[in-house]
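Each remark here refers to the structure printed beneath this line.
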Amino acid sequence: MRSILLTCLASALTRYAYAAGVTGVAEGFAKGVTGGGSATPVYPTTNAELVSYLGDSSPRVIILTKTFDFRGTEGTVSGTGCAPWGTGSACQKAINKDNWCTNYQPSAPKVPVSYDQAGILGITVKSNKSLVGQGSSGVIIGKGLRIVSGASNVIIQNIMITNLNPQYVWGGDAITLDNTDLVWIDHVTTSLIGRQHIVLGNGASNRVTISNNFIDGRTSWSATCDGYHYWNLYFTGSNDLVTFKGNYILHTSGRAPKVAGNTLLHAVNNYWYQNSGHAFEVDSGSKILLEGNVFQNAGQAVEVSSVSGKIFTSPDSNSNAGCSSYLGHACQLNAYGSTTSYKGTDQSFLQYFSGKNIASASTASSAQSSVPNSAGHGKI
Ligand SMILES: *[C@@H]1O[C@H](CO)[C@@H](O)[C@H](O)[C@H]1NC(C)=O
């Protein structure tokens, strides 16, 4: 009897040990990503430990059980910036980073700026890492994450990143990818970010899955001066493959996302809610498939004046033969409520999905009921 009890206890403990790690697997282009794999979990307790675990060359499963606050750790910088959208208190101001104000906003009023240096550049994340929050306790304040310079096989799951100089354009990006492969960003909440919530830079990001995240655009400092964040998601790069599924995009006013640089984007079962301005910017070279998404009180689903890439919005069930041929399923219709819809009929690029790992698609109405409750950190 006693030995049976002990055996049960041992197996329960083993299960608990396994539970400290990534939940589920990536769907879509980053399918197969393993991050730190079966490495013994580590539990950083200080900012320095967190930075070290993310930046060393060992495969790691890094579990966050607390808040890591980087504000003030690199000092405060004061200087002269600019106010391209006006000096009103609801307007974001800009840091003169790389002479941006001087070169691009010469006629904007000059204003004093004072910002936290730690927010400007994120923590370097090397290859073969899983960064996972426990419950809703994994929070990083005042500094983002940078997966760059050839890093591959990285999972970021169930954490919150917040408060990166939200008053200032160029105040910091929450998650940056540039020159990467196989990255999965899942169940992450980002809020109060100065610049982009998620940015895929000019270098190839290759295979990326961005799923179940909460992009919270509510802010007191906006480039559109209306409480809605403008810089949200920027997907560029060289032939990047991006699966964007199950994300909740709240209270944004633009670039949600801006897509450029030959990016092939599968945007499926996402929920845009309460957005001013536009969601999609369709730049030259972009190839975008929208299916099963919901746009509710979301302004313009697509910024019509910007469309210079290719976009298929699965406008009716009779016209998506290309989906069945190249994605292996009939594309789902998108749903628009109090939103300017967009009819994108270009199927000429759907062939590029052929042979790739493709995320499944459910109906827009099922996304509408599930996404607001399942997206973001603290939900798995
Ligand atoms: C990451 O893990 C893979 C598979 O184990 C290995 O081949 C590769 O060298 C690792 N990368 C780094 C940078 O350690």
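Any value given below was found using the heavy atoms of this structure, including those in side chains, with hydrogens, waters and symmetry copies removed. Note that the structure is predicted; figures quoted are calculated from it, not measured. Counting convention: from 1, in listed order, for ligands and their atoms alike.
Residue pairs that meet the side chain to side chain donor-acceptor pair (under 3.5 Å) test with at least one member in residues 306-315, sequence neighbours left out, are Glu303-Ser306. Within the structure, side chain to side chain donor-acceptor pair (under 3.5 Å) pairs that include any residue of residues 154-170 comprise Gln157-Asp186, Thr162-Ser191 (at least two apart or interchain).
Nearest protein heavy-atom neighbour of atom 14 (O) of ligand 1: Asn128 ND2, 3.6 Å.
For atom 4 (C) of ligand 1, the nearest protein heavy atom lies 4.0 Å away or farther. Protein heavy atoms are absent from the 4.0 Å sphere centred on atom 7 (O) of ligand 1. Protein heavy atoms are found less than 4.0 angstrom from atom 11 (N) of ligand 1.
Looking at Ser127 next to ligand 1, no N or O pair under 3.5 Å apart turns up.
Side-chain atoms of Ser360 and Lys245 form a donor-acceptor pair, as typed in the model, at a separation below 3.5 Å. Between the side chains of Trp85 and Thr224, no donor-acceptor pair of N or O atoms lies under 3.5 Å.
Remark: Arg255 is not positioned above the aromatic ring of Trp231, lacking an NZ or CZ atom under 6.0 angstrom from the ring centre and at most 45 degrees off the axis.
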